[in-house]
Amino acid sequence: MSFDPQDHLSQLLRQALTSVAPDQAAADILLERPRDPSHGDWASNLAMQLARALKSNPRKIAESLVAALPPSEWLVKVDIAGAGFINFTLSTSAKTRVVGDILAAGAAYGRGTARDGKVQVEFVSANPTGPLHVGHGRGAAVGDCLCRLLETAGWEVTREFYYNDAGAQIDNLTRSVQLRAKGVTPENPDWPEDGYRGDYIMDVAKAFLAKESVISDDQQFTANGDVDDAEAIRHFAVAYLRREQDQDLKAFGVAFDVFSLESALYTEGKVKAAVETLVANGYTYEQDGALWLRTTDFGDDKDRVMQKKDGGYTYFVPDVAYHLDKWQRGFTKVINEQGADHHSTVTRVRAGLQALKAGIPQGWPEYVLHQMVMVMRNGEEVKISKRAGSYVTLRDLIEEVGCDATRYFLVARHPDSQLVFDIDLAKSKSTENPVYYIQYAHARICSVLGQWNGDEATLAKADLSSLGSERELALCARLGAFPGLIEAAAREYAPHLVAAYLKDLAADFHGWYNSDRMLVEDEAVKQARLALTLATRQALRNGLNILGVSAPESM
RNA sequence: CCGCCCGUAGCUCAACCGGAUAGAGCACCGGCCUUCUAAGCCGGGGGUUAGGGGUUCGAGUCCCUUCGGGCGGGCCA
């Protein structure tokens, strides 16, 4: 049973509160770590929060609370400071016991208790019309790290990839490959205005002509080489590009559990069924030869066309059908990770789902929208244009920068913030690369433990009473903050917090490493320090694992 | 014109349902390798948190507004 000081103090305060102000006994009790160490290890603003309700001076309330606080063996001091903060100072043994807790928990340290309901995270969802670019990379990094984070926090997570394999874009792709196979190049005046111009189209065409077979995670198809067989070209191109994407994702450490195809929603009648329900529920009307959905009933600023004059559905209709399907598959919690350039779909999809009257909650599904990635190379912005074919692929990045650094760079920023990916900077294997800083801490630890060459399992029971320096206690405090950090990052869908935490943890370790030796003569001191060292390695590993970044034993 | 996101040190970014003196890295200056990896550490300078107003014990954080940047607002996806 691990010791959680925050929980412990919270209980003490709750008891004090119950006796001091019984009618406020249900008030929220917030405990936080003060920035300034002289303010103790934990602080509560409870007295200030209660001031209004109790119509009393916060400091007075604080005094009553402190007086009513049950005794605790883990506390050495409680004082009142500032406007009415209650500051708690823990005993050294209370601070260091996290080391034993971590060594006992191992890879499970930071893991939350199992939650009810299963979560689905949909991300990347790139259409198979070309290689994945940096934007997809950000989606892959954020989405996958979010999944790892949610899993760590106790959720059962399904990773899903959805793509359009049948629409106008695929027709365009098919035509582009067909033309290439017939020897027409984008420079030719006959090349369609919106045709795909990238060199990869030529690769697809060549492979088709060579009657190659391709296998991806969800597709397989053998080309017949017949340039007039558009259907075969379409199948082949989709399978080929899906395979390319799979290879990139695999190299990026991302794997999906489920692939969903837009075409299946049509062939299985799910689109038709959704439309019929919307009509039956009375949320549609005809105007200008089209069928409209009254999305303004659900917060949209204008109604949207569902069925075009030509009879085809607009893109959000299959989206609605798809999400109904997700709901019917039992996912009470669904998070869609997408680029912010698609944020206009959020309102429409939710409106469509509400109009289905299927008992779906209003805010379902949830969205994590990442802002755009701007790529810099040689100090200049690299324009990303799929049709022009001049863009930075995820594969390029992984090959040039490495999987670890690429993942780290793409996930270390708040998804809401635009991201400048400076290729030259990320490529440089220098101190400017923060991922190395973290990995280096891990490698250093491995090196020390290797030189000690003892049985790591024995450290779990080490006597920690010799720990107590400022740096050691700061490191212990950082280690103790890990579970709470996971909880917060999972709650806020903010994997970048893990990246920031690991940097801080590495900094605490490097600082301690440089000030004290671990492999000292005194056996008790050595055991205690090695235990702290091992616990730090465990936290680094667990954190790096959430980011999908490797933890090298040596560098 | 409307909607969403962003604006924090020279640069790139943190800051846990609003907390105490806003923190790191890079860059710059000065120190530390006969001792566990110097991809490291220690010290220093650097800020009106874009501007203004409001809410309250307390605001980078919430509300209003102005400015600046990005993305959307197709019977495209």
Side-chain angles (χ1 to χ4, degrees), chain A residues 28 30 32-36 38-39 43-45 47-49 51-52 57-59 81-85 87 127 129 164 167-169 194 262 288-292 300-302 304-316 319 339-347 369-372 374 409 412-420 422 425 429-441 443-452 481 484-485 487-489 491-492 494 496-497 499-501 503-504 506-507 509-520 529-530 533 554-555:
Chain A
D28 282 341
L30 183 69
E32 57 189 12
R33 308 191 138 280
R35 279 204 188 90
D36 185 341
S38 72
H39 293 143
S44 176
N45 63 354
M48 290 178 286
Q49 299 284 9
R52 186 186 299 241
N57 180 322
R59 288 195 69 108
F85 287 99
N87 293 338
N127 285 340
T129 53
N164 174 348
Q169 287 188 40
D194 56 353
E262 184 178 358
D288 303 331
L291 183 67
W292 295 68
D300 204 353
D301 53 357
K302 59 176 94 163
R304 306 291 170 177
V305 169
M306 289 173 60
Q307 192 170 22
K308 300 179 281 184
K309 276 180 193 164
D310 66 10
Y313 294 110
T314 54
Y315 69 91
F316 85 95
D319 261 10
D341 54 339
H342 287 89
H343 81 256
S344 63
T345 68
V346 175
T347 312
L369 303 176
H370 66 261
Q371 295 292 322
M372 301 294 93
M374 190 181 80
F409 268 73
R413 217 124 289 161
H414 194 297
D416 278 346
S417 295
Q418 287 163 238
L419 170 61
V420 177
D422 186 330
L425 181 70
K429 291 214 189 289
S430 70
T431 60
E432 295 172 11
N433 226 328
V435 66
Y436 295 141
Y437 182 80
I438 299 164
Q439 290 180 318
Y440 184 51
R444 265 186 160 172
I445 290 172
C446 291
S447 173
V448 171
L449 291 169
Q451 286 172 59
W452 170 57
L485 173 101
E487 168 70 30
R491 184 181 62 240
E492 294 172 28
H496 74 283
L497 294 176
Y501 171 85
K503 230 161 67 173
D504 290 339
F509 176 75
H510 285 309
W512 178 48
Y513 177 92
N514 276 278
S515 71
D516 290 300
R517 246 185 106 74
M518 285 121 214
L519 300 176
V520 291
R529 289 182 180 174
L530 286 172
T533 302
S554 67
M555 290 174 72

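Throughout, a chain's letter reflects where its sequence line sits, starting with A, and its residues are numbered from 1.
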Report task. Report yes if some heavy atom in the side chain of A:Arg529 is under 4.5 Å from a heavy atom in the side chain of A:Val520; otherwise report no. Result -> yes
Requested in this report: Scan side-chain atoms only and decide if A:Ser38 and A:Asp36 contain a donor-acceptor pair under the 3.5 Å cut-off.
Outcome: yes
Report summary line: Contacts of A:His510 meeting ring-ring contact (aromatic ring centres under 6.0 Å, His included) (sequence neighbours excluded), chain-then-number -> A:Tyr437, A:Tyr440
So [X], base contact, sugar-phosphate only, or nothing? Heavy-atom distance under 4.0 Å.
X: A:His510; result: sugar-phosphate
X: A:Asn164; result: sugar-phosphate
X: A:Asp301; result: nothing
X: A:Asp300; result: nothing
X: A:Ala51; result: nothing
X: A:Ala441; result: nothing

Taking [M] as the reference, what is the distance to [N] when you measure between their [atom1] atoms (whole Å, please)?
N: B:G52; M: B:C57; atom1: C1'; result: 24 Å
N: B:G60; M: B:A20; atom1: C1'; result: 15 Å
N: B:U65; M: B:U61; atom1: P; result: 16 Å
N: B:G53; M: B:G10; atom1: P; result: 23 Å
N: B:G7; M: B:U49; atom1: C1'; result: 9 Å
N: B:G58; M: B:G19; atom1: C1'; result: 7 Å
N: B:C5; M: B:C62; atom1: P; result: 10 Å
N: B:C32; M: B:A14; atom1: C1'; result: 28 Å

Could you let me know what [N] is paired to, Watson-Crick or G-U wobble, both distances under 3.5 Å, or none if it's on its own?
N: B:U37; result: none
N: B:U48; result: none
N: B:G7; result: B:C67
N: B:C1; result: B:G73
N: B:G18; result: none

Atom-pair distance ([atom1] on [X]; [atom2] on [N]), nearest Å:
X: A:Asp416; N: B:A14; atom1: CG; atom2: P; value: 10 Å
X: A:Gln439; N: B:G40; atom1: CD; atom2: C1'; value: 15 Å
X: A:Asp194; N: B:C76; atom1: CG; atom2: C1'; value: 10 Å
X: A:Met374; N: B:G69; atom1: CE; atom2: P; value: 15 Å
X: A:Arg413; N: B:A24; atom1: CZ; atom2: P; value: 18 Å
X: A:Gln418; N: B:U8; atom1: CD; atom2: P; value: 12 Å
X: A:Asp341; N: B:G74; atom1: CG; atom2: P; value: 15 Å
X: A:Leu419; N: B:A14; atom1: CG; atom2: C1'; value: 15 Å

Query raised in the report: Under 3.5 Å, is there an N or O donor on one side and an acceptor on the other linking the side chain of A:Asp319 and the base of B:A77?
Result: no
Query raised in the report: Looking only at N and O atoms, is any donor in the side chain of A:Asn45 or the base of B:G19 less than 3.5 Å from an acceptor on the other one?
Result: yes
Report task. At under 4.0 Å between heavy atoms, which parts of nucleotides 28-38 of chain B does protein reach? Answer with one letter per nucleotide, 5' to 3': B base, S sugar-phosphate only, - none. Result -> -------BBBS
Query - B:C64: syn or anti, per glycosidic angle within 90° of 0 - result: anti
Query raised in the report: Would A:His343 count as stacked on B:G72 if the rule is ring centres under 5.5 Å and plane angle under 30°?
Result: no
Requested in this report: Mark this stacking check for A:Phe85 against B:G19 as yes or no, applying ring centres under 5.5 Å and ring planes under 30°.
Outcome: no
Query - Parallel, tilted or perpendicular, as decided by the 30° and 60° cut-offs, for the rings of A:Trp512 and A:Phe509 - result: perpendicular
**Report entry** A:Val305 side chain, from C-beta outward: closest of B:G70, B:C75, B:C6
**Finding:** B:C75
Query raised in the report: Where the side chain of A:His496 is defined as all heavy atoms beyond and including C-beta, which of B:A14, B:C75, B:G19 is the nearest nucleotide?
Result: B:A14
**Report entry** A:Asn164 side chain to A:Gly167 backbone, donor-acceptor under 3.5 Å
**Finding:** yes
Query - With sequence neighbours excluded, residues passing side-chain contact (heavy atoms from CB on, under 4.5 Å) with A:Ala340 - result: A:Leu369, A:Gln371
Query - Minimum heavy-atom distance A:Ser44-A:Leu30, with the two atoms named - result: OG-O, 3.2 Å
Report summary line: Between A:His496 and A:Pro415, the two heavy atoms sitting closest are ND1-CD, 4.1 Å
Query raised in the report: Does OP1 or OP2 of B:G3 have a side-chain N or O of A:Lys302 closer than 4.0 Å?
Result: no
Query raised in the report: So, is A:His414 close to the B:G7 phosphate, meaning a side-chain N or O under 4.0 Å from OP1 or OP2?
Result: no
Query raised in the report: For A:Gln307 and A:Leu497, take the nucleotide of RNA chain B holding the closest heavy atom to each; which residue's nucleotide lies nearer the 5' end?
Result: A:Leu497
Report task. Measure the spacing between CZ of A:Arg444 and OG1 of A:Thr533 and express it to the nearest 0.5 Å. Result -> 11.5 Å
Requested in this report: Working to the nearest 0.5 Å, report the span between CE of A:Met374 and CD of A:Gln418.
Outcome: 8.5 Å
